Chemist: 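Quick one: the structure is below, questions incoming.
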Protein chains: 2
Amino acid sequence: MFNSSILLKEYNLKVTPQRVAIVDELYKNGHMNIDELYQNLLKKFPSISLATIYKNVNAMVEKIFLNEVKIPESKSVYELVKEEHSHLVCKSCGKIEDINIDTSILNSSILSISNFKVEDTKVVFSGVCSNCQ
Amino acid sequence: MFNSSILLKEYNLKVTPQRVAIVDELYKNGHMNIDELYQNLLKKFPSISLATIYKNVNAMVEKIFLNEVKIPESKSVYELVKEEHSHLVCKSCGKIEDINIDTSILNSSILSISNFKVEDTKVVFSGVCSNCQ
DNA sequence: CTGGATGCAAAATATTTGCAGGGGC
DNA sequence: GCCCCTGCAAATATTTTGCATCCAG
């Protein structure tokens with residue numbers, strides 16, 4: 001079972017209702033941008049401030065507990081950190097899906113060209129999802 | 001030989017000294033963010049406006065003649081459009097390099113999982129460049 | 001000559017910060 | 001009770017827009 005309070009504690013963040021709601025929203029929706037988070041939290045906390053969203057999201061990103069995903073031609077979205085994975089972005093409906101593929105096969109191609117030491121690999125595929133086809 | 005005026009004409013953009021300079025800077029430096037472009041152009045055009053940079057970069061991106069590259073934990077950079085390629089970002093010195101690797105080998109992995117139709121693939125590797133190692 | 005480009009200023013957006021009060025632990 | 005968190009307001013940063021003038025074609 002997913003428990004956002006425990007998660008927050010593990011990362012040394014005080015458990016507040018606003019933080020729990022942020023984590024729960026992200027758990028439920030997978031990926032959200034700042035404004036989607038704000039709009040959704042407004043329903044539960046009519047007086048929540050955008051500054052609170054920013055402060056918390058930034059704090060969680062710093063604790064490496066949220067991950068920012070930069071989307072081509074669109075706003076960044078945030079997700080809970082899980083195993084490394086890639087993203088599929090549908091150009092038609094905008095939906096973002098996670099996909100687990102092995103990107104390390106690319107590393108050998110890099111080594112054959114450059115002496116660069118790869119630490120992280122971010123892959124975003126844009127195209128058309130099955131629903132929209 | 002590289003000729004920025006011809007390039008601009010091909011994309012139906014009037015050839016102005018500011019535009020030529022933007023294209024020349026990007027050709028020379030490979031990747032630049034908005035502020036680097038502005039600072040460099042100020043040397044040639046002390047009264048150039050940031051608005052001019054934005055208007056032109058946006059126009060060139062729309063004509064698909066510049067490409068915006070979103071860099072993890074950093075600002076977007078722009079580059080002249082060339083064959084599809086990936087990017088290496090050095091976490092130490094910040095340098096960004098192009099690298100030509102075949103990313104289509106990933107597509108078969110996607111097909112085996114999802115029915116998503118891939119149209120574009122953006123890959124950014126972060127790590128340590130050979131100089132910084 | 002004409003329409004689009006430039007530079008400036010202002011507006012619109014996006015993000016961060018300071019601070020007083022409130023609440024988690 | 002202490003200190004961090006919240007919400008508000010203000011400050012900053014980023015990007016866009018309107019407009020008068022200028023210049024490429």
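We name chains A, B, ... by the order of the sequence lines, and we start the count at 1 in each one. Just so we're clear, the structure is a prediction, and the values are computed from it rather than from any experiment.
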Chemist: Just how far is it from atom NZ of B:K91 to atom OG of B:S74, taken to the nearest 0.5 Å?
Modeler: 13.0 Å

Chemist: A:N33 has an atom CG; how far is it from atom C1' of C:dT15, in whole Å?
Modeler: 14 Å

Chemist: How many whole angstroms separate atom CG of A:L50 from atom P of D:dA11?
Modeler: 18 Å

Chemist: Looking at C:dG23, I'd like to know if its phosphate oxygens (OP1 or OP2) sit under 4.0 Å from a side-chain N or O belonging to A:T16.
Modeler: no

Chemist: Under 4.0 Å from OP1 or OP2 of D:dC23: is there any side-chain N or O of B:Q18 that close?
Modeler: no

Chemist: With the side chain of B:K75 defined as its heavy atoms from C-beta on, choose the nearest nucleotide among D:dT14, D:dT6, C:dT16.
Modeler: D:dT14

Chemist: Rounded to the Å, how far apart are B:M60 CE and C:dT6 C1'?
Modeler: 13 Å

Chemist: Check the distance between C:dT6's P and B:L13's CG and give it to me in whole angstrom.
Modeler: 10 Å

Chemist: Which of the following nucleotides, D:dC8, D:dC5, C:dT6, is nearest to the side chain of A:K14?
Modeler: D:dC5

Chemist: Applying a 4.0 Å non-hydrogen cut-off, can you work out what A:I34 is touching in the nucleic acid: base, sugar-phosphate, or nothing?
Modeler: nothing

Chemist: Is the distance from OP1 or OP2 of C:dT16 to the nearest side-chain N or O of A:N58 less than 4.0 Å?
Modeler: yes

Chemist: Look at the side-chain N and O atoms of A:N12 and state whether any lies under 4.0 Å from the OP1 or OP2 oxygen of D:dC4.
Modeler: no

Chemist: Round to the nearest Å and state the distance from A:I53 atom CD1 to D:dG7 atom C1'.
Modeler: 12 Å

Chemist: Can you measure A:L8 atom CG to D:dT6 atom P for me and round it to whole angstrom units?
Modeler: 10 Å

Chemist: Any sub-3.5 Å donor-acceptor pair from B:N29's side-chain atoms to B:H31's backbone N or O?
Modeler: no

Chemist: Between C:dG7, D:dT14, D:dC8, which nucleotide has the shortest distance from any of its atoms to the side chain of A:A51?
Modeler: D:dC8

Chemist: Answer yes or no: is there a donor N or O on one side and an acceptor on the other, between the side chain of B:Q39 and the main chain of B:E36, under 3.5 Å?
Modeler: no

Chemist: Judged by each residue's nearest nucleotide on DNA chain D, which is more toward the 5′ side, B:V15 or A:R19?
Modeler: A:R19

Chemist: Within this structure, what is the CG-to-C1' distance between B:N56 and C:dT6, rounded to whole angstrom?
Modeler: 9 Å

Chemist: Rounded to whole Å, how long is the line connecting atom CG of A:L37 with atom P of C:dT15?
Modeler: 12 Å

Chemist: How far does CD1 of A:I22 sit from CG of A:L80, to the nearest 0.5 angstrom?
Modeler: 11.0 Å

Chemist: Go through the steps to decide whether A:Y11 and A:I64 satisfy the test side-chain contact (heavy atoms from CB on, under 4.5 Å), and finish with yes or no.
Modeler: CA-CA 9 Å; A:Y11 286 92; A:I64 327 263; 5.5 Å; no

Chemist: Go through C:dA14, C:dA5, C:dG7 for me and flag the one nearest to the B:S49 side chain.
Modeler: C:dG7

Chemist: Please figure out whether B:Y54 or B:P17 has its closest DNA chain D nucleotide nearer the 5' end.
Modeler: B:Y54

Chemist: For a quick check of understanding: with a heavy-atom distance under 4.0 Å over all strands, which category does B:T52 fall into, base, sugar-phosphate or nothing?
Modeler: base

Chemist: Side chain of B:K55, heavy atoms from C-beta onward: which of D:dT15, D:dG7, D:dG18 has the nearest atom to it?
Modeler: D:dG18

Chemist: I'd like to know if B:K82 pairs up with B:D98 as an ion pair, taking the criterion as any Lys NZ or Arg NE/NH1/NH2 lying under 4.0 Å from an Asp or Glu carboxylate oxygen.
Modeler: yes

